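Below is one structure, written out as structure tokens; the observations come after it.
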Amino acid sequence: MPIRPMKDSSETHLVIKTQPLKQHNPKTVPNGKIPPPPPPVTTPANGQTQASSPSPPSKNRSRRRNRGGRKSDQGDVCMRPSSRPRKPPPPPSLTTSLAPVVAASAGDIVAVNHQMQMGVRKNSNFAPRPGFGTLGTRCIVKANHFLADLPTKDLNQYDVTITPEVSSKSVNRAIIAELVRLYKESDLGTRLPAYDGRKSLYTAGELPFTWKEFTVKIVDEDDGIINGPKRERSYKVAIKFVARANMHHLGEFLAGKRADCPQEALQILDIVLRELSVKRFCPVGRSFFSPDIRTPQRLGEGLESWCGFYQSIRPTQMGLSLNIDMASAAFIEPLPVIEFVAQLLGKDVLSKPLSDSDRVKIKKGLRGVKVEVTHRANVRRKYRVAGLTTQPTRELMFPVDENCTMKSVIEYFQEMYGFTIQHTHLPCLQVGNQKKASYLPMEACKIVEGQRYTKRLNEKQITALLKVTCQRPRDRENDILRTVQHNAYDQDPYAKEFGMNISEKLASVEARILPAPWLKYHENGKEKDCLPQVGQWNMMNKKMINGMTVSRWACVNFSRSVQENVARGFCNELGQMCEVSGMEFNPEPVIPIYSARPDQVEKALKHVYHTAMNRTKGKELELLLAILPDNNGSLYGDLKRICETELGLISQCCLTKHVFKISKQYLANVSLKINVKMGGRNTVLLEAISCRIPLVSDIPTIIFGADVTHPENGEESSPSIAAVVASQDWPEVTKYAGLVCAQAHRQELIQDLYKTWQDPVRGTVSGGMIRDLLISFRKATGQKPLRIIFYRDGVSEGQFYQVLLYELDAIRKACASLEPNYQPPVTFIVVQKRHHTRLFANNHRDKSSTDRSGNILPGTVVDTKICHPTEFDFYLCSHAGIQGTSRPAHYHVLWDENKFTADGIQSLTNNLCYTYARCTRSVSIVPPAYYAHLAAFRARFYMEPEIMQDNGSPGKKSTKTTTVGDCGVKPLPALKENVKRVMFYC
């Protein structure tokens, strides 16, 4: 796959500038809103139009429209005049000729974009709901949404300026709390304001002034003095009226009479309902945690799980809704530092010396952690750990005066505090800055409670956390109800002040259970078709509809515990299962099974590849089986990178535990994967081959899936990986080819969908993933797509508009670059799994309304009551639960030129969930989006090994990649042609 370096593209990057609430003296348009300015556009030397810089809002910074979304939701809701993008206008109609758009000058694009932005007042920016679905068996489900009354008072926003400036939200809140305590009855006119912890204060009704300055003194909590007098700090607080939010506008939006949602009003209400919880619990993003909600459970290596709840106000068809869900997060256990280090290393640190790797692990584990000293009787001063000394405590000296008189740390603590350091072989903690570092012995420090762990958890910790979070539906529902009762919103003084009343009952919602689709298998099998039952079926008496032939294969064994005869027996069993399932599988490998050490993966793979080529007189291997140790570190990723980008080998990895304990179910699943990797199909929808799928079967239709995966927290230089897959068969829509690319760190917009660059010979050349996949569809089917359905995964609601504008434009340009006036209609659907809506059976005792896990039945769809007041969205639980509470997928149709009905898109999406290639179960999100996620995850293994390694220094930039900037990122190695034609990522 010719993945090229990032080029300056001709697409327009809009910088959406948000505006404040209704201001005192702005220049307004007739409807009272301020027109947003046109985006800054520059024309570089090559003449291509681009944004003046990568648009910050386009990055994955958890900017959302007060609904569920990506897990990057880390910050409090912070509403400056408007900290979130106001709903911008729709992209231009597809009826507009694309050719002029491609060739437009920078000035033209600015003008067009300005007109588009002005048009937001007249048009809804996303596809309106075409009606409600009617297909399926009607039933009632309960949702974790609680009806909230809309305040009748207008809400006022005030700007807060604290001098000297404070960076800590908790200190800011303490200052404002003291101000309210002192001045509520007098200067504040008895108002009880809500505060966002930063720059904004909100009241129900006006304060008696438009500007006023107050002086507030608060005690320095970090001072640490327990019984004696504490230091007081004085602050000046200026409060200035900024704007007023109109609740009538919000009421009309909730009633479906207006298309544009007043985000600022929703944000205020969200902050109001958070105010009391912020004081009671530890806030993390939109969630609140406490060790008192449930006893913390140890996760290992000094971490523990805290239980809590998620809370968010949402606009829905039934009105304002408070979405409450249970949550868990990892926190650092408040241990003495020496005990924490012992847990972190898993060994006794008091008697054994520390190795260099131990020091690196301790430094990583403690950097940024807040500790309090315990060696001073009445003082518990707090510090943040900056690092670890390279020398043990017994060797540490520091100057005590201007004459550089040196004193040891041991002497200093003995003389100053009468504290004898016992464990002098351990290093000291470094606190403060690098220029003036202070040393604290580990044994004199304890970790402060309530610090969330934000780095990546290891597998054991993830497993332990999942055990805590995994709750059966009935238990989760009861916990949610208990949380609502415990929060006692009816007694909340802030809710009362703002006139909000919250129901304590789960919302009852009308749902429908869509029927499972019939699946077609090969005519040679005993069962030629199949109707799944409760989201699952099996391969008994069935044969793959298009079973492939494996003539030339080899096996490489990287597991020392697997003897050759055991490996041979496993390969025979696997080959027989492939035959039974409908493939043709040569029982003999091209070469004998080759055993190799895991640290020689490249040498082993190349040896097998070249030996097999010699044996087959130049014919390439079709399949490589690889037996891996159960704990194989980087072996799997290295193997996939070498096979798929260097050798052009299709591989199937199997773990040692499955080789020793051969299960028929396991072999059947592996055979499904092998068949699609070889280019076959396992099953297809009966409706597809009989051409009965509305708006798919009538004309050649291509279905895309797209996703972007971002690096873990702490990896500040690794690129994000974008993947796009597209169906390569019609009318079956079952095979999906995939392409991947690296892009700027945490960039959510997919940069390589369409691109142009200058070639010295050919001039302007067009390319990109959409264009390449459209071409491959044409080659595979002999027809060009006349309809495009695009499922986009992983977009938070605050990014809907930017993603739609940028990526829909790229799709159009890719089409226009292939043929003049080639403009197939596009339906653009965002798929979300990281939201907090849960659906529960109305009666848990009614076994006919639940699956075996107690969850709602697969096919349950909801498009009323808890869905958007005007836009085209729905919740679909397409899978059967296994354990825990099922999470329905949320589908939001942002753009629909194919004019799908609600039933049409809901049925298509549900039916596609039964075509996932890797198992005989319906899956939780539509397969093209699932495949894109798998491809993006696979591509992370393709990066240079230095990028993937943990260098022991968070945030340290690798020398092997270029970080965010105009020069882009180092491209991934290209997939070999034979690999990217098939579903290699399965």
Side-chain angles (χ1 to χ4, degrees), residues 20-21 61-63 73-84 155-184 187-188 191-204 207 209-224 230-243 245 264 267-290 311 368 370 372 381-384 448-452 454 492-495 497-498:
L21 307 180
R61 298 295 186 203
S62 71
R63 304 173 72 109
D73 183 6
Q74 297 295 321
D76 276 359
V77 183
C78 175
M79 182 199 145
R80 291 300 298 130
S82 179
S83 65
R84 296 183 186 179
L155 310 183
N156 296 272
Q157 179 187 354
Y158 292 83
D159 189 79
V160 175
T161 305
I162 298 175
T163 311
E165 191 172 346
V166 179
S167 59
S168 165
K169 277 189 177 183
S170 59
V171 176
N172 281 339
R173 291 185 191 282
I175 293 167
I176 297 300
E178 180 65 6
L179 186 150
V180 172
R181 188 184 72 81
L182 293 173
Y183 300 107
K184 179 187 173 186
D187 298 65
L188 300 183
R191 301 283 182 214
L192 180 63
Y195 177 50
D196 71 353
R198 290 289 186 214
K199 298 283 289 178
S200 293
L201 193 77
Y202 307 99
T203 61
L207 294 176
F209 55 83
T210 56
W211 182 92
K212 192 157 190 170
E213 189 172 82
F214 300 85
T215 299
V216 175
K217 291 181 180 179
I218 65 163
V219 171
D220 185 357
E221 291 297 331
D222 278 356
D223 192 45
K230 296 188 178 183
R231 286 183 298 182
E232 277 192 336
R233 293 198 177 180
S234 181
Y235 297 92
K236 284 193 165 139
V237 182
I239 298 177
K240 178 186 176 184
F241 178 72
V242 175
E264 51 281 332
Q267 273 183 277
I268 296 172
L269 300 180
D270 210 42
I271 290 164
V272 168
L273 289 177
R274 291 169 54 82
E275 189 72 26
L276 201 58
S277 294
V278 166
K279 291 176 169 62
R280 289 176 177 173
F281 307 108
C282 175
V284 178
R286 292 184 179 276
S287 298
F288 301 92
F289 298 94
S290 170
Q311 172 181 300
K370 196 179 261 192
E372 61 183 10
R381 191 161 288 164
K382 296 171 184 173
Y383 300 90
R384 201 170 289 280
V448 175
E449 187 181 57
Q451 298 181 77
R452 189 187 172 215
T454 57
D492 184 338
Y494 295 94
E497 172 79 12
F498 285 78

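Positions are given from 1 along the sequence. Since the structure is predicted, the reported quantities are computational estimates derived from the model, not experimental observations. Note that these values count all heavy atoms, side chains included, but never hydrogens, waters or copies made by symmetry.
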Working to the nearest 0.5 angstrom, can you tell me the gap between [X] [atom1] and [Y] [atom2]?
X      : Y      : atom1 : atom2 : answer
Arg198 : Ile162 : CZ    : CD1   : 10.0 Å
Glu275 : Leu192 : CD    : CG    : 7.5 Å
Ser277 : Asp492 : OG    : CG    : 7.5 Å
Asn156 : Ile268 : CG    : CD1   : 8.0 Å
Asp270 : Arg274 : CG    : CZ    : 6.5 Å

Would you please name every residue forming a side chain to side chain contact (heavy atoms under 4.5 Å, CB included) with Glu178, sequence neighbours left out?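 With neighbours one apart ignored, the set is Arg181, Leu182, Val216, Ile218.
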
Report the residues that fulfil side chain to side chain contact (heavy atoms under 4.5 Å, CB included) with Glu232, sequence neighbours left out, ordered by chain and then residue number.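 Here the qualifying residues are Lys217, Val219.
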
State, to 0.1 Å, how close [X] and [Y] come at their nearest heavy-atom pair, and which atoms those are.
X      : Y      : value
Gly197 : Asn172 : O-ND2, 3.0 Å
Leu273 : Gln311 : O-NE2, 2.9 Å
Phe498 : Ala204 : CE2-N, 3.5 Å
Arg173 : Tyr195 : NH1-O, 3.1 Å
Arg191 : Lys184 : O-CG, 3.4 Å
Glu372 : Val448 : N-CG2, 3.8 Å

Dump the intermediate steps for side chain to side chain contact (heavy atoms under 4.5 Å, CB included) on Gln267 and Asp196, then the final yes or no. CA-CA 10 Å; Gln267 273 183 277; Asp196 71 353; over 6 Å; no

Taking the six-membered ring for Trp, are Phe281 and Phe288 parallel (under 30°), tilted (30 to 60°) or perpendicular (over 60°)?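 Phe281 vs Phe288 ring planes: tilted.
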
Can a side-chain donor-acceptor contact be found between Lys212 and Tyr183 if the only test is distance below 3.5 angstrom?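 Checked: Tyr183/Lys212 side chains show no N/O donor-acceptor pair below 3.5 Å.
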
Does some side-chain heavy atom of [Y] sit less than 4.5 Å from a side-chain heavy atom of [X]?
X      : Y      : value
Leu269 : Leu155 : yes
Leu188 : Phe209 : yes
Tyr235 : Val166 : yes
Ser200 : Tyr158 : no
Lys199 : Thr161 : yes

For Leu207 and Phe241, what are the C-alpha separation, side-chain angles and deciding distance, and is it a side chain to side chain contact (heavy atoms under 4.5 Å, CB included)? CA-CA 9 Å; Leu207 294 176; Phe241 178 72; over 6 Å; no

Test side chain to side chain contact (heavy atoms under 4.5 Å, CB included) on Leu179 and Ile239; report intermediate values, then the result. CA-CA 11 Å; Leu179 186 150; Ile239 298 177; 4.3 Å; yes

